[in-house]
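Take a look at the structure set out below.
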Amino acid sequence: MVDATFNFPKDFRWGTATAAHQVEGNNNNNQWWEWEQTPGHILNSDKSGRACDWWNNAEADFDRMVELGLNAHRLSVEWSRIEPHEGVFDEAAIERYRTMLKGLRQRGIEPMVTLHHFTNPLWLEERGGWEHTDVSVPLFARFVTKVVQTMGDLCDLWCTINEPNVYALLGYVTDGDMPPGVVNHLQRGMAVLCNMLLGHAAAYQVLHQHQRQARVGIAHHMRYMHPLRDGHPLDGLVAAFQDEIFNQSILNALTKGRWDLLLRLGHPPSARSLRGTLDWIGLNYYSRQCTVYDPHSPGTLFGRLVNMPGAMMSDFEYGEVYPEGLMPLLKRLARYRLPIYITENGLPDADDDLRPSFLVRHLRVLWSAIQSSLPVAGYYHWSFIDNFEWSEGWRMKFGLYEMDPLTQVRKPRQSAFLYRDIARANAITSDMVRMHTPQLLEAIFP
Ligand code: IFM
């Protein structure tokens with residue numbers, strides 16, 4: 001019988017991640033709330049509604065985090081609550097966030113605060129959202145100034161923007177799954193993406209001006225892009241194209257201060273301000289994306305998504321479970337010589353039959369990466385609790401905790417106990433694997 005322990009570094013961050021609109025409830029002053037009101041936008045016409053009721057009682061879930069032995073949590077603050085009207089700040093909302101941040105700290109959980117996670121106040125949306133540099137960038141910088149001035153004593157680990165590539169591509173280019181629901185408009189999508197990156201750079205400056213010790217990064221969603229037919233030149237080309245637009249162009253902009261060709265379609269102003277605006281990099285990793293060339297799919301950038309035959313799939317249509325894709329992406333990020341946080345990783349898996357092995361397999365890759373001196377400093381599982389999954393509504397269950405949005409009743413899934421055991425031990429052991437996912441034992445502990 002194999003017996004082994006894979007230890008993680010002493011100060012490793014074991015956390016979970018959430019976003020304001022997905023958990024707080026009644027965020028009725030942003031563009032997502034409005035989008036939800038039109039039938040057809042969200043699967044089953046679901047609405048975020050009360051969500052997980054965090055606005056009233058996030059603390060009960062913070063207590064559960066303590067039971068899991070977590071020492072970190074990534075949450076976002078909602079711009080439309082803090083600045084409900086342009087230039088008008090709501091001190092009561094700020095106070096509520098202060099209470100949450102204190103609540104995390106008192107429980108020994110370090111907060112990472114995301115400043116923009118997909119939602120815009122309605123007043124910004126009416127002014128074009130992120131489409132105009134001279135509107136969105138200074139307004140975001142002013143909002144960030146207010147946040148750091150009022151919450152900077154409680155947080156110094158900042159994530160400026162969540163997944164600008166997803167926001168820009170799903171909102172303007174691919175299938176209109178996100179507001180404003182524009183389809184096939186690469187030029188507008190690229191303008192939005194560039195503006196969000198400029199917003200990141202402006203936020204980076206503001207945070208450092210107000211807080212000497214600020215640690216500022218971004219949550220970058222990367223997919224492991226793969227041609228469906230190995231060696232097929234057109235599939236290969238499309239996969240490379242998708243890798244460039246989705247993964248690499250953003251890294252080039254943020255580290256080199258340069259817009260790659262595609263981003264220049266958005267006619268952005270100079271990228272010089274972006275250079276060197278990362279103290280760490282956040283990787284949101286979920287899946288491999290296999291593509292086949294299809295000239296009739298401009299919306300998916302001439303690559304149709306297809307699932308690899310025989311792939312292990314989560315509850316998402318294209319949600320292949322593919323831990324092998326994590327290492328090459330980590331190696332790519334490690335070139336920038338910055339600390340790396342896994343700011344999101346998880347899967348929708350209502351019956352929790354895949355999550356335990358998903359967790360162990362991904363964490364095993366992280367352990368190997370750390371052994372090879374890749375600077376991975378923490379892991380934030382998406383998500384702590386089932387929450388409102390944007391256009392998929394309540395159908396996709398990402399939580400370590402199961403939650404019924406009608407009754408608000410929570411119940412830990414089996415994988416919550418596994419994650420608890422890992423976080424408490426700061427290690428993966430063969431005993432845990434034996435207990436939670438025995439079929440993996442030989443593969444993980446050969
Ligand atoms: O729920 C989302 C999150 O808001 C952003 N990253 C991907 C998650 C799962 O789809």
Side-chain angles (χ1 to χ4, degrees), residues 15-25 27 30-33 35-36 41-43 46-48 51-52 54 73-80 112-120 159-171 174-175 177-179 193 196 217-224 246-247 250 281-289 305 313-322 325-326 329 341-350 354-355 358-359 362 379-403 405 415:
T16 45
T18 54
H21 191 76
Q22 294 177 270
V23 294
E24 283 179 358
N27 265 323
N30 67 33
Q31 97 283 25
W32 259 96
W33 182 275
W35 178 256
E36 290 162 29
H41 280 164
I42 312 289
L43 193 77
D46 283 354
K47 298 195 168 63
S48 55
C52 309
W54 272 31
H73 181 67
R74 172 177 171 234
L75 74 171
S76 74
V77 288
E78 173 62 31
W79 188 353
S80 66
M112 173 192 284
V113 170
T114 305
L115 295 153
H116 187 278
H117 195 124
F118 292 164
T119 54
N120 299 324
C159 174
T160 54
I161 299 193
N162 181 73
E163 301 179 349
N165 50 358
V166 173
Y167 178 99
L169 290 169
L170 270 63
T174 57
D175 40 17
D177 257 1
M178 288 198 165
L193 181 51
M196 294 185 106
I218 197 165
H220 182 29
H221 189 138
M222 294 178 82
R223 295 187 191 142
Y224 183 69
F246 197 78
N247 293 332
I250 289 153
I281 305 188
L283 171 61
N284 291 4
Y285 177 70
Y286 285 88
S287 219
R288 164 163 80 165
Q289 179 169 311
L305 305 190
M313 303 301 295
S314 75
D315 295 346
F316 257 145
E317 189 184 358
Y318 295 110
E320 182 179 359
V321 175
Y322 195 68
L326 183 53
L329 296 178
Y341 290 105
I342 305 300
T343 33
E344 289 182 23
N345 173 243
L347 82 171
D349 179 28
L354 297 181
R355 194 176 285 101
F358 177 100
L359 256 176
H362 284 81
Y379 176 84
Y380 296 78
H381 188 77
W382 187 277
S383 179
F384 179 74
I385 191 165
D386 292 342
N387 56 50
F388 179 72
E389 177 54 26
W390 309 111
S391 60
E392 299 284 339
W394 287 97
R395 194 173 63 126
M396 293 296 156
K397 310 289 187 191
F398 275 91
L400 293 170
Y401 272 75
E402 193 180 327
M403 194 215 62
S415 43

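Counting starts at 1 for both ligands and their atoms, following the listed order. Remember, predicted model here, so these are calculated numbers, not experimental data.
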Problem set entry | Sub-4.0 Å heavy-atom approach of His117 to ligand 1 | yes

Exercise. At under 4.0 Å between heavy atoms, which part of Asn162 makes contact with ligand 1: side chain, backbone, both or neither?
Worked result: side chain

For this session: Report the part of His221 in contact with ligand 1, treating N, CA, C, O as backbone and CB onward as side chain, heavy atoms under 4.0 Å; options are side chain, backbone, both, neither.
Result: neither

Exercise. How about Glu344 and Tyr286: does a side-chain donor come under 3.5 Å of a side-chain acceptor?
Worked result: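 Glu344 vs Tyr286: donor-acceptor pair found between side chains.
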
Look at the rings of [X] and [Y] and say which category their plane angle falls in: under 30° parallel, 30 to 60° tilted, over 60° perpendicular.
X	Y	answer
Tyr285	His362	tilted
Phe388	Trp390	perpendicular
Trp54	His73	tilted

Using a strict cut-off of 4.0 Å, indicate which atoms of ligand 1 neighbour a heavy atom of [X].
X	answer
Trp390	1 (O), 2 (C), 3 (C), 4 (O)
Phe398	9 (C), 10 (O)
Glu163	5 (C), 6 (N), 7 (C)
Gln22	1 (O), 3 (C), 4 (O)

Tell me the protein heavy atom at minimum distance from [atom], and give that distance in Å.
atom	value
atom 2 (C) of ligand 1	Glu389 OE1, 3.6 Å
atom 6 (N) of ligand 1	Glu344 OE1, 2.5 Å
atom 8 (C) of ligand 1	Tyr286 OH, 3.4 Å

For this session: Just do the side-chain contact (heavy atoms from CB on, under 4.5 Å) check on Trp394 and Leu43 with the steps written out, would you?
Result: CA-CA 8 Å; Trp394 287 97; Leu43 193 77; over 6 Å; no

Problem set entry | Worked verdict on Leu326 versus Leu283 for side-chain contact (heavy atoms from CB on, under 4.5 Å) | CA-CA 10 Å; Leu326 183 53; Leu283 171 61; 3.8 Å; yes

Exercise. Can any side-chain N or O of Ser383 pair as donor or acceptor with the backbone N or O of Phe398 at less than 3.5 Å?
Worked result: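 Checked: no pair found.
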
